[in-house]
Amino acid sequence: MKIKVTDIVYDTTDNEELYLNMDLPTELVFDIDGDSDDIEYEIVDAIGDITGWTVKSFKWSEVVE
């Protein structure tokens, strides 16, 4: 399933200075396993894989093509 994630807020608790010097995306579009029981966990995991950062919050919607 293709999803669009917006309003991504990263957990910067321990790395505020490093975060301020980075240009992390606030929106991403990617594919995840649509059969998962916990889509939000899959989204958090995918964002972490893409950016290397932990996510605090986000909004998402399915991309219909």
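Keep in mind it's a predicted model, so treat the numbers as computed, not measured.
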D31 CG to E42 CD distance, which is reported to the nearest 0.5 Å: 12.5 Å

For E27 and V5: C-alpha separation, side-chain torsions, deciding distance, then whether side-chain contact (heavy atoms from CB on, under 4.5 Å) applies. CA-CA 5 Å; E27 292 187 6; V5 182; over 6 Å; no

Kindly indicate whether the side chain of I50, heavy atoms from C-beta on, has any atom under 4.5 Å from the side chain of L28. yes

How many angstroms lie between OG in S61 and NZ in K2, if you round to the nearest 0.5 Å? 12.5 Å

Look at D11 together with K56 and state whether they make a salt bridge at an N to O cut-off of under 4.0 Å. no

Close side-chain approach of W53 to I47, heavy-atom, < 4.5 Å: no

Which atom names give the shortest non-hydrogen contact between V63 and I3, and what distance separates them? CG2-C, 3.7 Å

Minimum side-chain heavy-atom gap I43-I32 below 4.5 Å: yes

So I8 and F58, side-chain contact (heavy atoms from CB on, under 4.5 Å) or not? Walk me through it. CA-CA 4 Å; I8 302 170; F58 58 89; 4.3 Å; yes

Hey, does E62 have a side-chain heavy atom less than 4.5 Å from the side chain of M1? yes

Are the side chains of K4 and F30 in touch, meaning some heavy atoms are under 4.5 Å apart? no

Does the Y10 side chain pair with the main chain of P25, one donor and one acceptor, at a distance under 3.5 Å? yes

